[in-house]
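Okay, so here's the structure we're looking at.
All heavy atoms count here, side chains included; hydrogens, waters and symmetry mates do not.
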Amino acid sequence: MKSFTQIGFIFLFALSSVFAQQEKGIIGANNWLSNWTEFHPNEENYDEPRQILTGNITSDIKLEKRNVYLLVGNVFVTNNATVTVEPGTVIIGDYDTKASLTISKGSALIAKGTETDPIVFTSNRSVKRAGDWGGIIILGNAPTNKFGNGSVANFYDQLDPSNYVNTNYGGDNINSNSGVLNYVRIEYAGKRKKDGGYFNGLLLAGVGRETGVDNVMVSFSGGNSIEVWGGHVSLNKMVSYKANYNDFKFNYGAQSKISNSLVLRSPYVSNSSGARCLQVKSYEKMDEVDFSKKLTSVTAVNLTLYNTSDNIREDIKMGLVREAVYVSENASLDMTKSVISGFNPAVLFADKIVVNQENLDKIKFSNMYFNNCNGNIFIENNSNNEDLENWYGNHAFSNVYSKSHNAETFIDIASNSRRPDYRLRINKIIASNEVNSELRDN
């Protein structure tokens with residue numbers, strides 16, 4: 001744990017004026033990534049499992065740190081049961097059975113780790129790979145925009161018919177509580193499904209407002225790191241590291257806020273087609289949703305979306321780097337105080353979005369730092385972004401456009417030791433109107 005090697009990123013500070021400081025990207029008086037995160041999970045060794053979790057869990061249980069647990073097959077927590085996990089507990093997903101853990105509607109997962117004793121879900125292979133096991137699915141009773149309730153039944157191979165009822169999600173309780181995830185790592189999840197799709201590291205479907213999701217790191221997911229379908233859940237201090245597909249995806253009427261969160265992508269790991277740091281959609285197919293219900297609306301504050309490419313221009317030429325943020329039609333995004341660095345381009349709107357006042361009011365970017373991107377904000381399949389540049393480049397939005405090298409912009413964290421020595425370098429950029437205008441990249 002705690003090993004950072006040649007990772008340049010973290011806290012970017014900018015001044016919105018000579019009188020007040022505006023922090024952009026992930027923030028914190030102390031480095032909240034310390035101790036509980038792990039950027040080299042394949043180097044971690046855990047004890048052999050002592051207990052097996054399989055089948056349906058129908059009554060309250062507690063998982064203890066002294067035991068290592070092996071998750072076998074598709075495990076469902078049902079019958080309003082609660083699984084409580086002690087800090088420091090390790091749960092290993094079985095590769096052969098492509099294990100997964102599903103918290104059915106009405107049940108709960110209380111996984112409260114600590115900064116120095118996080119809870120870990122990982123693979124049981126000696127050489128771990130993305131997609132070794134399924135992942136965690138939490139199904140709640142909060143609304144979605146689908147007709148009736150949704151189901152995740154297609155995620156499972158050879159699902160027992162008795163468990164179909166345990167795959168349903170959605171309801172009318174925006175405040176429903178599915179538990180707590182705090183100081184949790186999910187590694188090497190995202191197995192391939194029988195229909196060709198993938199599990200997510202963490203799927204939150206119809207999850208309500210009282211569910212707590214903070215300090216969660218998803219690493220090397222074969223599918224999306226974290227996906228939210230409907231519900232009213234908020235995410236804080238999330239980390240997505242080298243996912244194959246999307247890092248954070250919101251869909252099916254999600255009413256969510258994501259704050260103070262970090263994405264680190266690699267062009268040599270991430271899928272170069274349709275994989276983004278942040279994707280905001282209201283549906284996959286229009287005929288599956290009820291337009292009388294709320295469409296997806298996401299607020300994103302203090303995000304750092306960072307591409308770890310050593311040669312961004314060459315990787316763009318090779319087609320390995322795509323956009324960081326994708327917004328689909330009939331969805332809303334309000335993104336502010338965030339950093340997008342090293343993408344092609346920074347933001348892409350679906351080609352069905354018409355550039356008019358109504359749509360621009362639903363998709364907001366303010367106090368942003370767009371750095372080292374091959375273009376800023378575009379409509380899909382349209383290279384002429386003059387209207388968008390003029391709109392979002394207005395001084396009122398205080399967006400900054402730069403071509404700085406990341407090492408000159410972000411604090412460096414570099415160490416070969418297991419307990420790293422943090423070497424911090426802060427560069428301040430004056431985001432005055434004059435500089436904002438000068439740095440704009442048309």
*Can you measure from CG (Leu109) to OG (Ser178) and round to the nearest 0.5 angstrom?*
9.5 Å
_Set of side chain to side chain donor-acceptor pair (under 3.5 Å) partners for Gln357, sequence neighbours left out_ = Asp361
*Does a side chain donor of either Asn236 or Asn260 reach within less than 3.5 Å of an acceptor in the other side chain?*
no
*side chain to side chain contact (heavy atoms under 4.5 Å, CB included) between Tyr369 and Ser338, worked out*: CA-CA 6 Å; Tyr369 188 88; Ser338 296; over 6 Å; no
*Decide yes or no on side chain to side chain contact (heavy atoms under 4.5 Å, CB included) for Leu388 and Trp391, but give the supporting numbers first.*
CA-CA 5 Å; Leu388 294 175; Trp391 176 261; 5.6 Å; no
*Between Val216 and Asp214, does a side chain to side chain contact (heavy atoms under 4.5 Å, CB included) hold up when you go through it step by step?*
CA-CA 6 Å; Val216 175; Asp214 303 89; over 6 Å; no
*Contact list for residues 315-368, test ring pair (Phe, Tyr, Trp, His ring centres under 6.0 Å), sequence neighbours left out*: Phe365-Tyr392
*asked:* Contact between Tyr268 and Leu320 at the side-chain level, heavy atoms closer than 4.5 Å - yes or no?
replied: yes
*asked:* The criterion is ring-ring contact (aromatic ring centres under 6.0 Å, His included); which residues satisfy it with Phe370, sequence neighbours excluded?
replied: Tyr401
_Contacts of Tyr198 that satisfy ring-ring contact (aromatic ring centres under 6.0 Å, His included) - sequence neighbours left out_ = Tyr245
*asked:* Can you give me the closest heavy-atom contact between Ser282 and Leu295, atom names plus distance?
replied: OG-CB, 3.4 Å
*Would Glu323 and Arg276 pass as an ion pair if we require N to O under 4.0 Å?*
yes
*Does NZ or CZ of Lys193 come closer than 6.0 Å to the centre of the six-membered ring of Phe155, within 45° of the ring's axis?*
yes
*Greater than 12 external heavy atoms within 6.0 Å of Lys364's NZ*: no
*Provide the closest heavy-atom pair for Val354 versus Asn359 in the form atom of the first, atom of the second, distance.*
O-ND2, 2.7 Å
_Cation-pi geometry met for Lys146 and Tyr252 (6.0 Å, 45°)_ = yes
*Minimum heavy-atom distance Lys281-Thr296, with the two atoms named*: O-OG1, 2.6 Å
*Please determine if Glu115 and Lys237 form a salt bridge, counting it only when a charged side-chain N lies under 4.0 Å from a carboxylate O.*
no
*For residues 255-269, pull every pair meeting salt bridge (charged side-chain N to carboxylate O under 4.0 Å, His left out), keeping only residues two or more places apart or in separate chains.*
Asp247-Arg265
*asked:* Holding to side chain to side chain donor-acceptor pair (under 3.5 Å), I want the full list of residues that pass it with Arg125, two or more places apart in sequence or in another chain.
replied: Asp132
*List the steps, then state whether side chain to side chain contact (heavy atoms under 4.5 Å, CB included) holds for Ile138 with Leu204.*
CA-CA 5 Å; Ile138 300 179; Leu204 304 169; 3.9 Å; yes
*Provide the closest heavy-atom pair for Val269 versus Lys242 in the form atom of the first, atom of the second, distance.*
CG1-O, 3.4 Å
*Looking only at heavy atoms, which two atoms of Val355 and Leu360 are closest? And how far apart?*
CG1-CD1, 4.1 Å
*Specify the closest pair of heavy atoms between Thr89 and Glu64, including all atoms of both residues, with the distance to one decimal.*
OG1-C, 3.5 Å
*Is any NZ, NE, NH1 or NH2 atom of the basic residue among Glu38 and Arg185 found under 4.0 Å from an Asp or Glu carboxylate oxygen of the other?*
no
